[in-house]
Protein chains: 2
Amino acid sequence: MKKPKAPQPKPGGPTQKGQCAKRVSILDAAAEVFCREGFAGASIDEIAMEACVSRQTVYNHYREKETLFMAVVQDILDRANAALFSILATFPDNADNLEDDLTAFAVRLNKNCVCNHDGKFIRKLVQTEGERYPHLFEIWRQQGPGKIGTAVAALFARLSHVARLDIDDFDLAAKQFLALVNADLQTNSFFGGTPTDGELEKSARAAVRTFLRAYGSPAVRGAGDIKELRQETA
Amino acid sequence: MKKPKAPQPKPGGPTQKGQCAKRVSILDAAAEVFCREGFAGASIDEIAMEACVSRQTVYNHYREKETLFMAVVQDILDRANAALFSILATFPDNADNLEDDLTAFAVRLNKNCVCNHDGKFIRKLVQTEGERYPHLFEIWRQQGPGKIGTAVAALFARLSHVARLDIDDFDLAAKQFLALVNADLQTNSFFGGTPTDGELEKSARAAVRTFLRAYGSPAVRGAGDIKELRQETA
DNA sequence: GTAAAGTTAGACACCATTGTCTAATTCGTC
DNA sequence: GACGAATTAGACAATGGTGTCTAACTTTAC
C-alpha cells in the first residue's frame, strides 16, 4: 500500500516542459537545496524529499544533477527578469516628486529583485558555482540582474529630459544609485537575515537623498546647505 | 625510496601553533580549495596535494575537516584585519586635498582589503557556508570586514572636525562611501575577473567625487552647479 | 650514530551519493 | 472497468569522500 503524498498531475507527463506541478515542485526544492548546500553538497535524495517526489521522478524530468542545476538557474533568472521589467514599467512618466518616486522605486527594486528570494538565490548561486561553471557569469550579465544597471541608466536618461537630474554619465549614475540603495543591506542584512519593510524604506530614502544631493539639479535639491546657499543668495 | 617533495620543517612539530612551514602551506592550499569548491566540494586529498603534503599530515595538524575550515577562516580574517588597520593608519592627519586623499584611501582599501585575495575569499566563504555555520556571520561582523564601516565612520568623524565634511550621520555616510567605492566592482568585476589598477583608480575617483558632491562642505565642493550657485551669489 | 618527532604512501572500513533498473502502484482518460 | 503513462520504493553497482592505522622513511637534536 503506497501513500499518495501529493495530488497527482494531469497526464501528459514529464515530456512537456510546461506547467507540470511536479516539475515546478522539483525546481523549487532544488533551488532551495542547491542554494543552501551548494552544488556539491546538494543531494538528489534531499531535493526529492523536499519536493515530495521520488528520486526517480527527479531523474525522469532532469536527466542528471547538472541539468537540474542549470534549469534552476534559468528558472530563477526568468522570474527575476520579469520582476525587473514589471517594476521599471510602473515608474511614473512625469515624476512630480522625484525623491518619493525614486524612493518607492528603490524599495520595490530591493523587495522584488535584489533582496527577495530569487535575488538572493541567483546571486549566491552565481558566486558559489561561478568558478565551476563560468557560463553562469555570462548569463548573469546578459539575462540576469546584470541588466538592472543598464535599465536604470535608461530610466535616468529619460528622467533627465524632464530636467530634474544633472547627470553626465548615466551608466555611472545608475551604478552609484544601485550601490547606494544597497549600502545598508550589504553591511547589515545581506549575509544574515532578511530586512524588514521598515528597514528597506528607511535605507532607500537615505540613499535617494544622498543621490539627489549629488545629482539633483538645483530645482529639486531641497535639503541641506544648498537651501542655505540659496537663502544667502536672496 | 621516498622522494621529499618539500624541505622538511624544523622539529617541534605540529603541536606548536606558530610558524611551521607545512602549517601555512596547508592553510593556503585549504583556503584555495575551500573557496573554489565550497566546504562540501573540497576534498582533503585535493588540499593535501595542493599543499604538497600527505593527507595524514593534514590530519596531524588539523583534527578534522571542520577544524581546518575554521582555521582557514580565522587566518584570513586576521590578515584582513591587519591590512585594514594598516590602511587606516596611513590616512593623513590634515587632509589638504580631500578628493585626492579619499581617492587614494579608497584605492588602497579596495586593493588590500576588498578586492584582493583575502577579501574575496572571506566574503565568498561567509556567503557560501554562512547558512551551515551561522557562527561565520558573527565573526565576520565582529572581527572581519564588518568592522570597516565603523572604522570609516570614525575616520569621517575625525575629518569633519577639520570642517571639510558636512555629515549628519557618520555611520550612514561611511556605508554609503563604501557602497559608492564598490559600485563599479559589484556590477562588473566582482563576480568574474580581478579589476586592474586603472579600473580601481577610476572607479574610486568617480565614487569620491559623487560622495563629495553629496557630503562635501561648500568650501571643498569644487564641481558642478554649486560653483554656479556661488557665482550667482557674488 | 642514535633517538625522537614528523612525514609519507598506501591500505582500510565506513558512509554518502549518483545514476540505473525493476516491479508494483496510482492517476486520468476512454 | 481497462488502458497507458507517470510515479513510487527499493535494490543495486560504482564512485569518491572521511578519518584511522601501519610501516617505512627523513630530519633535526643530542
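- The pair B:Glu46-B:Arg36 counts as a salt bridge, with a side-chain nitrogen and a carboxylate oxygen less than 4.0 angstrom apart.
- Picking from C:dT20, D:dT8, C:dT7 the nucleotide with the shortest atom distance to the side chain of A:Tyr59 gives C:dT20.
- Note on A:Ala42: only backbone sugar-phosphate atoms sit closer than 4.0 angstrom, heavy atoms only; bases stay farther off.
- Summary of the strand contacts: A:Lys65 and B:Gln56 both lie near DNA chain C, and taking for each the nucleotide with the nearest heavy atom, the more 5' one is attributed to B:Gln56.
- Between the CG atom of A:Leu68 and the P atom of C:dT18 there is a distance of 10 Å, rounded to whole Å.
- Candidate nucleotides D:dT18, C:dT8, C:dT18 were compared by shortest atom distance to the side chain of B:Ile44, and D:dT18 ranks first.
- The separation between B:Tyr62 atom OH and D:dT18 atom P is 17 Å, rounded to whole Å.
- The six-membered or imidazole ring of A:Tyr62 lies away from that of A:Phe69, with a centre-to-centre distance of 6.0 Å or more.
- Between the P atom of D:dT15 and the CD atom of A:Glu64 lies a distance of 16 Å, rounded to the nearest Å.
- In this entry the distance linking CE of A:Met49 with P of C:dT18 reads 14 Å, nearest Å.
- In the set D:dA9, C:dG19, C:dT8, the nucleotide with an atom closest to the side chain of A:Ser54 is D:dA9.
- Distance CZ (B:Phe69) to C1' (D:dT18): 17 Å, rounded to an integer number of Å.
- Taking side-chain N and O atoms only, B:Lys22 has a distance below 4.0 Å to OP1 or OP2 of C:dT8.
- Ring orientation note: the planes of A:Phe39 and A:Phe34 are close to parallel, at an angle under 30° on the 30°/60° scale.
- Whole-Å rounding puts the B:Glu46 CD to D:dT15 P distance at 19 Å.
- B:Phe156 has its ring centre no less than 6.0 Å from the ring centre of B:Phe170.
- D:dT15 atom P lies 17 Å from atom CG of B:Asp45, rounded to whole Å.
- A sub-4.0 Å separation between OP1 or OP2 of C:dA16 and a side-chain N or O of A:Ser43 is absent.
- Rounded to a whole Å, the CZ atom of A:Arg55 is 13 Å from the P atom of D:dC12.
- Ion pair B:Asp93/B:Arg158 flagged as a salt bridge, since at least one NZ, NE, NH1 or NH2 atom sits closer than 4.0 Å to an Asp/Glu carboxylate oxygen.
- OP1 or OP2 of C:dT7 has at least one side-chain nitrogen or oxygen of B:His61 nearer than 4.0 Å.
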